[in-house]
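Side chains included, hydrogens not; waters and symmetry mates left out as well; all remaining heavy atoms used. FYI, the numbering just counts along the sequence from 1.
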Amino acid sequence: MTVHSSATGSLVIHSVRLIDGGESIDDAWIRIEDGRVAARGTGAGWARADEVVDATEAAGQGAILTPGFVDIHGHGGAGASFDDGVDAIRTARALHREHGTTRAVVSLVTAPLDDLADSVASIADLMQTDADILGSHLEGPFLDPGHHGAHEPSLLRTPIADDVRRLLDAGRGTIRQVTIAPELPGGLEAIRLIVAAGAAAAVGHTDADAEMARSAFEAGASILTHAFNAMPGIHHRAPGPVLAAAADHRVVLEAIADDVHLDPQIIALLFASAPGRVALITDAMAAAGSADGHYDLGAVSVTVTDGIARADDTGSIAGSTLTQDVALQRAVHAGVPLAAAVQALTETPSKAIGMDAELGTLRDGRLGDAVLLDGELRVVRVWQGGRPSVRGSVR
């Protein structure tokens with residue numbers, strides 16, 4: 001898939017510390033022309049452009065430039081849920097763009113099959129006009145009832161091949177990820193169908209042990225949905241799906257660095273165990289960027305207290321109120337090197353959904369998505385395809 005940008009003209013951003021591809025480059029500059037990266041270098045070697053941004057003036061002495069953040073697993077924000085249609089998707093995306101997420105996959109919670117088919121078809125249509133939408137993620141309905149989390153248990157179902165095909169067909173090639181419990185009857189065959197359709201199969205909301213997880217990865221699954229959450233943990237005689245994923249270099253492990261879903265020490269452990277294969281996601285629901293209170297997450301009623309979302313009926317954590325800039329701050333605070341944390345927001349998630357030819361790095365020919373941060377890792381400016389998306393102010 002090619003992501004298009006309608007931006008025209010040229011932009012130079014200079015005098016900045018560039019964090020890209022796992023590297024840190026001081027006194028760097030990049031040039032974006034017609035929405036794509038045209039050149040980069042260090043020092044004063046940049047040429048004039050239609051717009052020139054001195055990053056040090058804009059963001060202070062510690063100015064940092066990164067590629068645009070890519071969220072492959074989120075459900076909403078700004079009081080709006082991705083499950084509620086086009087207007088809600090746009091409202092939530094505007095909130096997350098302000099926090100550096102220039103492109104995102106729209107994640108859908110479990111719903112009746114007809115509703116999910118309609119939703120993925122609507123998202124496919126939306127992608128024709130909204131270039132920041134990368135496709136959809138079906139986090140259900142093919143989940144283990146014992147690990148349903150904030151998904152309505154009565155709507156869960158086994159992955160019958162015809163049902164899987166119906167949803168994939170409805171998405172018209174735009175479904176990027178499907179979360180599935182591989183131990184369900186037909187689970188491994190469903191993984192093969194998902195991968196054959198060009199989507200990533202993700203192991204999640206599962207009771208799989210390490211052996212079953214390895215079987216899923218051999219069948220083609222390549223993502224572990226929000227590692228540690230809604231799955232067996234690590235036991236010294238039962239290593240579970242997390243260690244199976246960490247040991248398999250084909251697998252990307254999603255992580256929610258909100259200090260609620262995962263302790264900071266576990267965040268550091270994930271990065272140490274699977275270097276270059278952690279994707280920092282938000283799993284954000286409608287309350288991200290909004291006040292505490294009552295919300296709906298699909299068919300599940302949720303209450304948010306002190307920024308923590310829990311399902312009313314079970315008390316399960318129900319998504320997060322996280323944004324990716326805060327995920328970056330908390331990962332670094334947990335001891336993750338800055339370059340590795342940025343890679344987990346940019347290059348790694350792009351690769352996980354097969355979009356790394358377009359996104360995830362500020363190298364020649366890639367889309368000119370960039371985030372300017374101050375020394376405290378707070379967002380100052382965001383560009384999408386070389387076009388200003390938001391101008392913040394250093395606090």
**OP:** Would you check if Val109 and His75 make a side-chain contact, meaning some heavy-atom pair closer than 4.5 Å?
**Re:** yes
**OP:** Decide yes or no on side-chain hydrogen bond (donor to acceptor under 3.5 Å, both in side chains) for Ser136 and Arg176, but give the supporting numbers first.
**Re:** CA-CA 6 Å; Ser136 54; Arg176 300 286 161 236; over 6 Å; no
**OP:** Mark yes or no for whether Asp369, through its side chain, and Gly385, through its backbone, hold a donor-acceptor pair below 3.5 Å.
**Re:** yes
**OP:** Search all heavy atoms of Ser350 against all heavy atoms of Val70 and return the closest pair with its distance.
**Re:** OG-CG2, 3.6 Å
Subject >> Spacing of Thr206 atom OG1 and Glu183 atom CD [to the nearest 0.5 Å] >> reply: 3.5 Å
Subject >> N/O donor-acceptor pair under 3.5 Å between Arg277 side chain and Ala245 backbone >> reply: yes
**OP:** Would you check if the side chain of Arg97 reaches a backbone N or O of Thr102 as a donor-acceptor pair within less than 3.5 Å?
**Re:** no
Original post:
Are the side chain of Thr110 and the backbone of Leu155 linked by a donor-acceptor contact shorter than 3.5 Å?
Top reply: no
Subject >> Co-membership, hydrophobic cluster, residues Leu168 and Ile123, 4.5 Å side-chain >> reply: yes
Subject >> Euclidean distance, Leu167 CG relative to Phe142 CZ, rounded to 0.5 Å >> reply: 5.0 Å
Original post:
Would a distance-only check, ignoring hydrogens and angles, find a side-chain to backbone donor-acceptor pair under 3.5 Å from Arg103 to Ala131?
Top reply: yes
**OP:** Indicate yes or no: does Arg40 engage Asp364 in a salt bridge with an N to O separation below 4.0 Å.
**Re:** no
Original post:
Given the rule that I, L, V, M, F, W and Y join up when any side-chain heavy atoms are under 4.5 Å apart, are Leu95 and Met285 in one cluster?
Top reply: no
**OP:** Write down the atom of Ala331, the atom of Ala341, and the distance for their closest heavy-atom approach.
**Re:** CB-CB, 4.2 Å
Original post:
Hey, is Arg192 close enough to Glu218 for a salt bridge, meaning N to O under 4.0 Å?
Top reply: no
**OP:** Enter the distance from Asp209:CG to His235:NE2 here, rounded to the nearest 0.5 Å.
**Re:** 14.0 Å
**OP:** Would you please test Ser320 and Val260 for side-chain contact (heavy atoms from CB on, under 4.5 Å) and show each step?
**Re:** CA-CA 8 Å; Ser320 83; Val260 176; over 6 Å; no
Original post:
Checking side-chain contact (heavy atoms from CB on, under 4.5 Å) for the pair Leu280/Ile256: CA distance, chi angles, key distance, verdict?
Top reply: CA-CA 6 Å; Leu280 287 173; Ile256 309 171; over 6 Å; no
**OP:** Using a strict 4.0 Å threshold on nitrogen-to-oxygen distance, state whether Arg165 and Asp169 make a salt bridge.
**Re:** no
Subject >> Sidechain-backbone polar pair: Glu152 side chain, Ser154 backbone, donor-acceptor under 3.5 Å >> reply: yes
Original post:
Knowing that exactly one of His137, His205, Glu254 qualifies, which makes a side chain to side chain donor-acceptor pair (under 3.5 Å) with Thr179?
Top reply: His137
Scan the side chains in residues 264-276 for donor-acceptor partners under 3.5 Å anywhere in the protein, sequence neighbours excluded, and list what turns up.
residue: Ser273; atom: OG; partner: Leu269; partner atom: O; Å: 2.8

**OP:** Please say which of Leu184, Leu143, Asp163 ends up in a side-chain contact (heavy atoms from CB on, under 4.5 Å) with Arg157.
**Re:** Asp163
**OP:** Examine His73 together with His226 and report whether their ring centres are nearer than 6.0 Å.
**Re:** yes
Subject >> Under 3.5 Å: donor-acceptor pair, side chain of Arg17, backbone of Ala63 >> reply: no
Subject >> Lys/Arg N to Asp/Glu carboxylate O, Asp125 vs Arg172, below 4.0 Å >> reply: yes
Original post:
Are any side-chain N or O atoms of Thr91 and backbone N or O atoms of Asp87, one a donor and one an acceptor, separated by less than 3.5 Å?
Top reply: yes
Original post:
Are any side-chain N or O atoms of Arg381 and backbone N or O atoms of Ala370, one a donor and one an acceptor, separated by less than 3.5 Å?
Top reply: no
Original post:
What closest approach, in Å, do Ala49 and Val52 show between heavy atoms, and which atom pair accounts for it?
Top reply: N-CG2, 3.9 Å
**OP:** Compare all side-chain heavy atoms of Leu138 with those of Ile175 and state whether any distance is below 4.5 angstrom.
**Re:** yes
**OP:** For the pair Asp130 and Arg90, find out whether any cationic side-chain nitrogen is under 4.0 Å from an anionic carboxylate oxygen.
**Re:** yes
Subject >> Side-chain heavy atoms of Leu134 within contact of Ile353, under 4.5 Å >> reply: yes
Original post:
Does Val252 reach the side chain of Thr348, with side-chain heavy atoms less than 4.5 Å apart?
Top reply: yes
**OP:** Could you tell me which non-hydrogen atom of Ala213 sits nearest to which non-hydrogen atom of Ala208, and how far apart they are?
**Re:** N-CB, 4.2 Å
Subject >> Close side-chain approach of Val53 to Trp383, heavy-atom, < 4.5 Å >> reply: yes
Original post:
With a 3.5 Å cut-off and no angle check, do the side chains of Gln324 and Thr101 form a donor-acceptor pair?
Top reply: yes
Subject >> Arg93/Asp132 salt bridge by N-O under 4.0 Å criterion >> reply: yes
Subject >> Heavy-atom check, side chain of Met231 versus side chain of Leu224, under 4.5 Å >> reply: yes
Original post:
With side chains defined as the heavy atoms from C-beta onward, is the minimum distance between Asp20 and Arg363 less than 4.5 Å?
Top reply: yes
Subject >> Exercise: identify the closest heavy-atom pair between Leu108 and Ser119 >> reply: CD1-CB, 3.6 Å
Subject >> Ile13 and Trp29: CA distance, side-chain angles, deciding distance, side-chain contact (heavy atoms from CB on, under 4.5 Å) verdict >> reply: CA-CA 5 Å; Ile13 307 165; Trp29 58 264; over 6 Å; no
Subject >> Minimum-distance pair of heavy atoms, taken over all atoms of Ala161 and Leu193 >> reply: CB-CD1, 3.8 Å
